[in-house]
Structure formats: C-alpha cells, structure tokens
Amino acid sequence: MNAEPVIRVSGLHKWFGMLHVLSNVSLEVRHREVVCIIGRSGSGKSTFLRCINFLEEPSAGSIEIDNLVVNAGSKGKEHRQLVHEVRLKTGMVFQEFNLFPHLSVLENVMEGPVTVKHMEKSVANEIAEMNLDRVGLLFKKDEYPNRLSGGQKQRVAIARALAMEPKLMLFDEPTSALDPELIGEVLNVMKKLAQEGMTMLVVTHEMAFAREVADQVVVMAEGEIVEQNNPENIFKSPKDSRTKTLIDRYRSGGQ
Amino acid sequence: MDTESIPKAPILKNDPHQGMGVALAALQRRQKLIHRAKVSAVWVGLVVLLTLGLLMLHIEPSYMAQHYNIILQGAGATIGVSLASITLATILALLGSIARLSSNSIAQGIAGFYVSVVRGTPLLIQIYIIYLGLPQVGEQLSNLGFTQIGKLFILDAIPAGILALSLNYGAYMTEIFRAGLQSISHGQREAALAIGMTPWQVMRRIILPQAVRIILPDVGNQFIAMQKDSALISVMGVWEITFLANRYARRDSKYLEMYLVAAAAYWILTIISSWFQGRLENRMSKAYER
C-alpha cells in the first residue's frame with residue numbers, strides 16, 4: 001500500500017450558526033485504501049463527507065488532495081477554482097441517488113465527461129458504456145431513471161461518478177434509502193470497486209460491509225472522531241464507550 | 001391517444017388466467033372510448049343548441065358569412081404580436097426568476113419591484129403609457145439635445161403593443177418560472193456540482209430542462225390568455241381581429257354578428273394553441289413514463 005495519502009483533512013470545524021457540528025476532525029486516506037465512517041445519526045459523519053468536496057463549506061481547517069491545499073473560509077475566484085479542482089478529483093454518491101431524471105441512463109453517465117471535461121461525444125459514450133458495464137447495467141443504458149429500481153439507480157449513480165475518473169470516491173450512506181432486498185447489489189458493486197483498488201471514503205450504517213471491506217474504520221460521535229482503527233480491533237475490542245454501544249447494537253441484530 | 005396509455009396486459013407463459021387479463025384490458029379500453037364519445041356528443045349538442053339559439057335572435061348569418069374574412073385579415077397581427085410577445089416575455093421571465101432567486105440584493109430588488117409594479121397596474125394603462133405617454137418623454141429628451149435617444153421613445157402601434165404585452169406577461173411568468181425553478185430538488189444541484197459543473201452549467205443543463213417541463217402547462221395558459229389580451233392593442237389602431245370586428249360592427253350596426261365572429265376567431269386560435277401545447281407536453285413527459 002502506498003504510504004502517500006490521497007487526501008489529508010486537517011483540523012476541520014463546522015458551525016451551523018451556534019451549533020458546532022464538526023469539531024477538529026482530521027483524517028488521512030491513503031491510495032487504494034477503503035475507510036468507513038460509522039456513527040449514530042447526527043454524529044456529523046455526513047456533514048464531514050460533504051465538507052470534503054465543499055457541498056458544505058467548512059468553517060475552519062484545510063483539505064489537501066493530490067498536493068492541492070484548500071483552506072476553509074476563503075473566498076473569491078481563486079478559492080472557487082480550487083473547490084472546482086477538488087470536485088474533479090472526487091466522485092460522490094448520495095443517499096438519494098440524485099440521478100438526472102430528464103436524461104437517459106447513458107446520458108446521465110456521459111453528462112460529466114461531456115459538459116465538464118468537454119470530451120467528444122463518441123469518447124464520452126465509450127467511457128460511459130465502460131462504467132455502466134462495471135456496475136452491470138449496460139443493458140439499461142437507454143432507459144430513463146424513473147424506470148429503474150432503487151438499487152439500479154444507485155449503481156448508475158456510482159457509474160456516473162466513476163466516469164469522471166476520480167482519485168477518491170465519497171459515499172454518503174449509499175444504501176440507507178434502499179429497500180432491504182436491494183442493498184446487496186449496491187454493496188457488491190462497492191466491494192468490487194474496492195477490490196479493483198479504488199480509494200474510497202464511505203459513510204455507512206452497514207457494519208458487516210465496514211467489517212469486511214474497510215481497511216480503516218472511523219467512529220464519529222458528537223462531531224468528533226472518537227476512535228479509529230482497523231476493523232478487527234474496532235469490532236473485537238472497541239476502546240471508546242460510544243464505539244462499544246454502536247458495536248453491541250450491531251451484534252444484537254439492530255442497527 | 002388515451003387508449004394507448006392503458007398498459008397492455010403482460011404476457012406470462014403458461015398463465016391459465018391470461019385470457020382474463022386480456023379481456024379486462026380490452027373492456028377498459030372500450031369503456032374509455034365510449035366515455036370519450038359521450039363527452040364529444042355533449043360538445044356537439046351544445047354547439048347545435050347555441051347555433052339554434054342564435055338563429056332565433058334575428059341576426060344575419062349572411063352578414064357574418066360575408067365578413068368572416070376579418071379573421072384571416074386580423075389573425076396575422078394577433079398571432080404575430082402574441083408569438084413575439086410570448087418569446088420576449090419568456091426571456092424576461094427567465095431573467096426575472098433567476099434574479100429573484102439570486103442572493104444578489106440589487107438583482108432581487110429590481111426583479112421584485114418590476115413584478116410588483118407591472119402586476120399592480122392594468123394592462124390597458126400600460127399600453128397607453130407606452131404608446132401615448134413615452135413620446136412625451138422622447139420629446140423632452142429631444143429638447144435637451146438627445147434627439148437620437150428621444151426618437152427611441154416614439155413607438156409605432158405594433159412595437160408598442162409587443163412591448164406592453166411582453167412586460168406585462170414577463171412579470172406574471174417571472175413568478176411561474178420562479179416556482180418551477182424552486183420545485184427542482186436541491187439534490188439535483190448538489191449532484192451536478194459534485195461532478196464539477198459550474199453554477200451556470202448546473203442551471204442550463206440540469207435545472208432548466210427539468211423546470212421547463214413543469215412550467216410548460218402554465219406558459220401555455222399564459223400564451224392563450226395573451227392571445228385574448230392582444231385584443232387590447234386594437235385601441236392603438238392595429239388591424240387585428242378585434243379592431244376589424246369593431247370597424248364593421250360600428251359602420252353597419254351589426255354588433256352581435258361581428259363580435260360573435262371575433263369571439264369564434266379567438267376560440268379557434270386558442271384551440272389550436274392548446275393542441276400544440278398538449279403535443280409538446282406529451283413529448284416532454286417521455287422520460288417520466290413508468
């Protein structure tokens with residue numbers, strides 16, 4: 001494993017008004033590493049993920065991707081350009097899929113390469129088909145999102161993010177909006193990506209997935225990282241009491 | 001069209017009950033057709049009743065027949081002015097709605113002021129101000145030495161009518177566009193930003209195309225209303241349907257005859273517009289069929 005981190009988040013803070021939702025969060029994800037962030041609802045894990053590609057503007061701290069340093073709280077054209085660069089290097093998968101309903105499956109995946117990277121349609125088409133094949137949905141390329149199941153929608157959303165060839169994939173509770181029987185197909189695609197060596201940062205409630213696929217598990221509570229270790233240690237011998245509660249609840253069947 | 005929208009029963013292999021489903025689908029299709037035939041029959045009945053009623057009124061159908069061509073003479077101006085105005089109004093509404101939704105206080109203020117003033121005053125007064133009032137402004141500018149600029153304030157009847165209708169409908173449509181843009185979920189914007197689109201690309205490629213589908217029915221209604229409101233530009237002497245009907249009605253004292261012809265003309269125009277609107281809406285909803 002390459003020791004050089006793909007992303008280094010340092011001292012991130014986020015306030016919503018008086019509410020301190022992220023407090024001094026620092027994290028590194030190395031090349032080809034899969035990091036899962038677990039924690040109860042409201043622990044700040046989704047906000048943290050959204051701060052990384054600036055869908056949420058962090059209040060303080062810095063984010064370093066690929067030798068590109070963005071300081072929180074900056075303004076102006078230069079800052080916007082940096083944020084744009086960060087978004088080009090990261091792909092994001094949302095809980096609610098957010099596919100573009102007016103575009104076909106193929107067009108959804110082509111949209112980034114064509115509009116953002118200004119690729120030739122034929123080249124973008126090839127990239128889109130390749131990535132749809134990666135998630136096993138090439139045969140649906142001419143359908144519209146409305147006709148897909150939730151699991152299929154999320155797999156298309158993954159293909160859409162992959163088509164931009166990101167250095168790092170961000171997953172924001174990718175299976176939380178899915179019917180239980182559709183969760184497996186999405187997790188399988190993510191597992192496959194991990195095996196292919198994609199660098200991934202995954203916010204999830206799927207403990208089994210975190211345990212099986214993650215290289216590092218990060219536990220968040222009340223806007224802070226309370227524990228970080230390999231899954232073996234987190235699940236067998238959790239140190240923090242909040243981690244213990246979380247793991248116990250998972251063991252007893254509830255999540 | 002409607003009969004096609006009933007889904008055909010899916011054919012399962014070796015399904016002993018398949019015949020039942022096919023029969024049910026056929027029955028539903030037949031019932032829908034019968035229902036539509038009944039509705040059409042009511043329409044025809046109403047038209048016949050109305051015609052009979054009018055014939056009892058001692059009007060002269062022959063006079064109407066002689067002068068039906070005012071429709072052809074006047075429709076050009078009515079349609080032309082309406083099309084030009086709806087186009088300009090759409091541009092105004094697009095700019096206005098983006099301004100109203102922007103975080104820029106100046107843009108927001110200007111757009112809000114525009115909508116308030118225009119919605120709060122009658123269209124007829126707006127037409128008078130633009131056609132009869134603006135030349136006064138132009139005159140004063142000319143006196144101050146700005147002759148070229150002053151001339152711009154003296155408008156012919158048709159440009160004045162188009163300007164008034166565009167400004168008026170632009171204000172109403174600003175609100176329609178704003179509601180349409182706001183109805184697109186925040187997640188769409190976030191997903192587009194996340195793949196690296198600029199805010200302008202997000203608007204053009206993701207938000208607008210979806211909003212257009214939502215606001216299209218309302219814009220169609222506005223266009224129909226505008227065709228009828230364009231009758232007001234007859235006060236400036238534009239040779240459109242209402243002006244011509246007025247002329248003959250007064251000259252020959254055939255008020256009922258000529259105004260009925262004019263009413264029929266507008267009705268036909270709006271039926272044609274509705275038909276185009278329906279086709280456009282069908283096409284736009286293709287992606288949303290299940």
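All chains are named by letter (A, B, ...) in the order of the sequence lines, taking the proteins before the strands, and each is independently numbered beginning at 1. It should be emphasised that the depicted structure is a prediction, and the values quoted were computed from it without experimental measurement. In what follows, every heavy atom counts, from backbone to side chain, and hydrogens, waters and symmetry copies are set aside.
- When atom types are taken as modelled, the side chain of A/His84 and the backbone of B/Met197 share no donor-acceptor pair closer than 3.5 angstrom.
- In this structure, chain A has heavy atoms under 4.5 Å from both the backbone and the side chain of B/Glu190.
- Residue contact with chain B, scored on non-hydrogen atoms closer than 4.5 Å, involves the backbone and the side chain of A/Phe100 alike.
- Rounding to the nearest 0.5 Å places CG of B/Leu193 at 9.0 Å from CG of A/Asn53.
- Annotation: the span from B/His186 atom NE2 to A/Leu55 atom CG amounts to 8.0 Å, rounded to 0.5 Å.
- More than 12 non-hydrogen atoms from other residues, nucleotides or ligands lie less than 6.0 angstrom from CZ of B/Arg204.
- A 6.0 Å sphere centred on CD of A/Glu78 holds no more than 12 heavy atoms belonging to other residues, nucleotides or ligands.
- Looking at A/Leu99, the atoms closer than 4.5 Å to chain B (heavy atoms on both sides) all sit in the backbone: N, CA, C or O.
- Distance check, rounded to the nearest 0.5 Å: CD1 of B/Ile195 to CG of A/Leu88 gives 10.0 Å.
- Few gaps surround CD on A/Glu196; more than 12 heavy atoms of other groups in view lie less than 6.0 Å from it.
- Within 6.0 Å of CD1 on B/Ile106 lie no more than 12 heavy atoms contributed by other residues, nucleotides or ligands.
- No side-chain donor-acceptor contact under 3.5 Å links B/Gln201 to the backbone of A/Val116.
- In terms of heavy-atom pairs under 4.5 Å with chain B, the best-connected choice from A/Phe94, A/Phe54, A/Phe97 is A/Phe94.
- Contacts of A/Thr90 with chain B are made by backbone atoms alone, with heavy-atom separations under 4.5 Å and no side-chain atom involved.
- Other residues, nucleotides and ligands contribute only 12 or fewer heavy atoms inside 6.0 Å of the NZ atom of A/Lys167.
- Contact annotation for A/Arg80: neither backbone nor side-chain heavy atoms come within less than 4.5 Å of a heavy atom of chain B.
- Annotation: A/Phe139, atom CZ; neighbour count of heavy atoms from other residues, nucleotides and ligands within 6.0 Å is above 12.
- No donor-acceptor pair closer than 3.5 Å links the side chain of A/Glu111 to the backbone N or O of B/Arg205.
- In this structure, B/Phe146 places its CZ atom where only 12 or fewer heavy-atom neighbours from other residues, nucleotides or ligands lie under 6.0 Å away.
- Around atom CH2 of A/Trp15, more than 12 heavy atoms belonging to other residues, nucleotides or ligands sit under 6.0 Å away.
- At distances below 3.5 Å, at least one donor-acceptor pair connects side-chain atoms of A/Asn98 with backbone N or O atoms of B/Gly187.
- Residues B/Gly196 and A/Arg87 come closest through the heavy atom pair CA-CB, 4.3 Å.
- Side-chain contact check for B/Gln188 versus A/Pro101: some heavy-atom pair is nearer than 4.5 Å.
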